[in-house]
Amino acid sequence: MSLGVYIHIPFCVLKCGYCDFNTYANLESLKLPYASALIADLESWSDVLGAADVHSISFGGGTPGEFPAHDLVRTVQAARRLAAVTSEAEISLEANPGTTGEAGLRQLAAGGFNRVSFGAQSFDPLELRFLDRVHSPGAITASVANARAAGFGSVGLDLIYGLPGQSLDAWLRSLRSAVALRPEHLSCYALTVEEGTPLGLAVQRGRIPDPDPDSAATMYEATEEFLNAAGYRHYEISNWALPGHESRHNRTYWDGGDYAGIGAGAHGFIGGERFENIAHPRTYIAAAGSGEGTARPFVANSYVPARATAISDWFETRLRLVEGVDIRSFEVEFRSTIDTVIGAALDQCVGYGLLARDGHQLRLTPRGRLLHSEVCARVLAHLQSQDSARRPLE
Amino acid sequence: MDQSKIRNFCIIAHIDHGKSTLADRLLERTGTLSHRQMAEQVLDSMDLEREKGITIKAAAARMKYVAPDGEEFEFNLIDTPGHVDFAYEVSRSLAACEGALLVVDASQGIEAQTLANVYLAMNQDLTLIPVLNKIDLPHAEPLRVAQELERVVGFSQDEIILASAKEGKGVDEILSAIAGRIPPPKGNPDAPVQALIFDSKYDAYKGVLAYVRVFNGELKGRDPLKLMQTDVTFDPLEFGAFMPVMRPLPMLHCGEVGYVATGLKDVAECRVGDTITLAAHAASEALPGYRAVKPMVFAGIYPTDSDEYQDLREALSRLALNDASLVYEPESSAALGFGFRCGFLGLLHLEIVSERLEREYGLSLLTTAPSVEYRVILTTGEEAAIDNPSQLPDPSRIGEILEPWAKIDVITPSRYIGQVMELVTTRRGQFMRMEYLEPESEMAQGEARVLLEYEIPMGEILVNFYDQLKGSTSGYASLDYHLLEYRAANLVKVDVLVNGQAVDALSLITYSGNASREGRVLVSKLRELIPRQMFDVPIQAAVGGRVIARETIRAVRKNVLAKCYGGDITRKRKLLEKQAEGKKRMKMVGNVEIPQEAFMAVLKLRDD
């Protein structure tokens, strides 16, 4: 089995106003016991890891870059001890510009990390302040330089567009600044206002206008055009890379591959079963001690999705890839042709110009890439109304 | 019981003026029910009644009253529905009584509906006992309200009883006034039986229970009985009275109030206002005042999920078991599928029925905008009754359209006269008369209450009128209405086209002078309510093929989740499930997904 390993670091110096990830500020004191718990978590999967080739280890958060480099390396070493981590495996972390110094980056590179992704978000100081980001545009440039100097062969930047009141020009300025640094990878995310976040509350109270989806759509189309001209390949709805630098780990999600989820609130998908860890770091750490006799002490919830859900998940993830999906793989997985199961919904979306079929390949059209949820909601509604989808596998 | 000891009475009161609390005190003080036994406000037994603070179905209670001098009386309290939609039921309850308690909130004064019922009672020669309730409230003004009653109804001050039902004050005085002032029934026990039905209820074991007042003769034995209006004969299963729980009795004497278990399966056969007599020795004529109840307001009720059509049919038939004024027949709409056209006594009745269907039967329903019944004279001379705007014939075939008119009475402090005038005249109302209920000179500026009478098309007061009346008078105005007659009107049908296709459920009939404005408002409301689709959707309003308003809903451009949540697929799944659920709740009209709220847009035409 080929496996990706996701490792969650739920700590941040400051929680950003738009963020609704499972992450916490002011829990610094838990970092040390948390590092030990991560290793215990990996060990609890020794049966699976022992039988797998690991092709990627990805630290996400939170802010892994602010976690002690020594502990990140120690965790990777534990993974190597438990599983066959391939020689060309992608070992990556997310970091904030300016907070991970050159020394730390060198230590990580020496420990086997070969990929880093900086949460740049914007090159405009005012936009950065709006997003509660503590770094300056200059810090992004410095961090990219430090990472290269430390020997990271793949450096990525994350950017956010579609802020309330942001102009297309303002967005393109940030994008141009990013491309000027020639990162190997770029993720461009439209700002999503999540319920329950400070930003969500401000929007709800009318203090900040709701981001305009039409202007975000215009920015997205401009992004595709600009990055394409700059030599980046668009490979997933929100992701672009120079040839050979696609995120191997994230592709695991979109290809429907197996991955283990390690850390508080992390999600895993192994052999058709989905796992979800205990969310709060404190409770998660406590589970390490109580693990005697429990096979998976960190797992809060696990299940095999019902057929309709499994089909919807299959469709939703793979369709995010720009290249689309070979529909013959649907038959392998679900023992029916895709057309007998969701053909009507697909035809409707083809009719609306959201989907294109090209032989066995099914993919979103450029317009459909902005309407991925419309396509998937139609497929799901269709599945739910079909009895055939509710029948268990024969 | 000797007729001279019987007192039949009801309570006339405005919503919240304390009728139910007073009824509770009477039951308690006469020992009919101990305080402990009594669930608060026994007479209102339906949940909805309690929530809305109104009485929907009349009930009756028998009490034994022992006067201070030891004389025993039988009191029959007949509860009356407290809403204008049920005016006919009220009139029949009044007809069953010799007297009435007029309960008025000492802090509020008399309201329009109460006054209408007072006049109704006076026309039927009922003895009225005025009670000023809630005198315990700090802002009660018993003197002022007493003067109002004196002026408006003609009571003398010493007739008026001051009470606080909540604190039990004045209850003994009221009981003694019922015995002393209300005359006993004067029926002839030896004459052929005549019993007036003032309410009915379906009982699963005993069939329809007719609530009756025996005017002449006696009800006893097993001889077949006959309903004189519907000409239905039945064998009585049981006689009895409510004390206040149902108690079988060997007979109902002349002058008494009680129930007859008819064994009938259909309340429609046992109509309020009908007369029960002996099949063999029938009375020569029925008691006066019977009227077949006709619905005034019509609306389509559709299941949101077309699979629930049979459930809806079943639920309607069950509700109709207890509600002879609810009529329904199947109809189908190109937009909404299969449902029922339902007729109601009024808007509150509509609201109650649709709430009960949803709450008690767990249905999810879509109710179309209410309509009155129009009469259309075709060019061929034929006449058609139209209660669904989409069925209005082509204008070329219409000779004349008639619409129902109503007389409305509004009581309001005089400072709001301007606002009321404006509201009524923008709805084509015509001012008829104004009367001060209190001398202006004795009141603070603008405080004197005034009665305003208007005539207005029924269709104009169906939607939001009452709310707006309340809104423009800070809640002070009260309203009563009754149907006048049909009058010719210059009406047109406004059709709505969504993506070029007419949507029958969105059609409306309106005064031609208002058609353009209402078409524009409707179209712009729909633009807000219909979500953006995968393509541009034009929305048009048209009168007879001529487009009078148009807007376009632009195609949606972006609906995608950007982020990758570290392999957590559940968040996207939840979002997709919500969106998929949303799609299922939409009605597909052509290829446009229209949410339920959009079908109620017609109701919002008068919001601004």
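Numbers restart at 1 for each chain; the letters A, B, ... are given by sequence-line order, proteins then strands. Computed from a predicted model, the values in this text were never measured in an experiment.
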>> Run the side-chain contact (heavy atoms from CB on, under 4.5 Å) test on B:V556 and A:L371 for me, step by step, so that the C-alpha distance in whole Å, both residues' side-chain angles and the decisive distance to 0.1 Å come before the verdict.
In response: CA-CA 8 Å; B:V556 62; A:L371 293 165; 3.8 Å; yes

>> Show, in sequence, the C-alpha distance, side-chain angles and deciding distance for A:R320 and B:K572, and conclude whether the side-chain contact (heavy atoms from CB on, under 4.5 Å) test is met.
In response: CA-CA 12 Å; A:R320 293 188 69 90; B:K572 280 179 196 160; 3.9 Å; yes

>> One pair to check against side-chain contact (heavy atoms from CB on, under 4.5 Å): B:E577 and A:L380. What are the steps and the verdict?
In response: CA-CA 7 Å; B:E577 275 166 2; A:L380 182 57; 3.6 Å; yes

> Hey, mind stepping through B:E593 and A:R378 against salt bridge (Lys or Arg N to Asp or Glu O under 4.0 Å) and telling me if it holds?
Replying inline: CA-CA 12 Å; B:E593 294 164 347; A:R378 278 180 171 71; 3.4 Å; yes

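Heavy atoms of A:E236 lying under 4.5 Å from chain B are absent altogether. Both the backbone and the side chain of A:D20 come within contact range of chain B, judged by heavy atoms closer than 4.5 Å. Heavy-atom distances place the side chain of A:E194, and not its backbone, under 4.5 Å from chain B. Interface residue A:I237: only side-chain heavy atoms are found under 4.5 Å from chain B. In this structure, the portion of A:Y259 lying under 4.5 Å from any heavy atom of chain B is its side chain and not its backbone. Contact annotation for B:R571: only side-chain heavy atoms (C-beta onward) come within less than 4.5 Å of a heavy atom of chain A.
The shortest side-chain heavy-atom distance between B:R573 and A:S312 does not fall under the 4.5 Å cut-off. By the 4.5 Å heavy-atom criterion applied to side chains, A:L370 and B:N559 are not counted as neighbours.
In this structure, A:H267 and B:G567 approach most closely via the heavy-atom pair CB-O, 3.7 Å. Residues A:A216 and B:K558 come closest through the heavy atom pair CB-CD, 3.8 Å. Nearest heavy-atom pair, B:L575 versus A:S373, reported as atom, atom and distance to 0.1 Å: CD2-OG, 4.1 Å. Contact detail for B:A580 and A:A377: the closest heavy-atom pair is CB-O, 3.6 Å.
Enclosure of atom CZ in A:R367 by more than 12 non-hydrogen atoms of other residues, nucleotides or ligands within 6.0 angstrom is indicated. The local environment of CZ in B:F338 is sparse, with at most 12 non-hydrogen atoms from other residues, nucleotides or ligands closer than 6.0 Å. Few gaps surround CD on B:E358; more than 12 heavy atoms of other groups in view lie less than 6.0 Å from it. A 6.0 Å sphere centred on OH of B:Y476 holds no more than 12 heavy atoms belonging to other residues, nucleotides or ligands. Within a 6.0 Å radius of CZ in B:R527, no more than 12 heavy atoms belonging to other residues, nucleotides or ligands are found. In the displayed structure, B:K578 atom NZ is contacted under 6.0 Å by at most 12 heavy atoms of other residues, nucleotides or ligands.
A salt bridge does not link B:R557 with A:E374: every distance from a Lys NZ or Arg NE/NH1/NH2 to an Asp or Glu carboxylate oxygen is 4.0 Å or more.
Among the candidates A:T317, A:D214, A:N22, the residue making the largest number of heavy-atom pairs closer than 4.5 Å to chain B is A:D214. The most heavy-atom pairs under 4.5 Å with chain B, out of A:L354, A:V379, A:T218, come from A:T218.
Rounded to the nearest 0.5 angstrom, B:L576 CG and A:F315 CZ are separated by 10.5 Å. Here the straight-line distance linking atom CD1 of B:I569 with atom CH2 of A:W314 works out to 12.5 Å at 0.5 Å rounding.
For the residue pair A:R274 and B:T570, no side-chain donor N or O sits within less than 3.5 Å of a side-chain acceptor on the partner.
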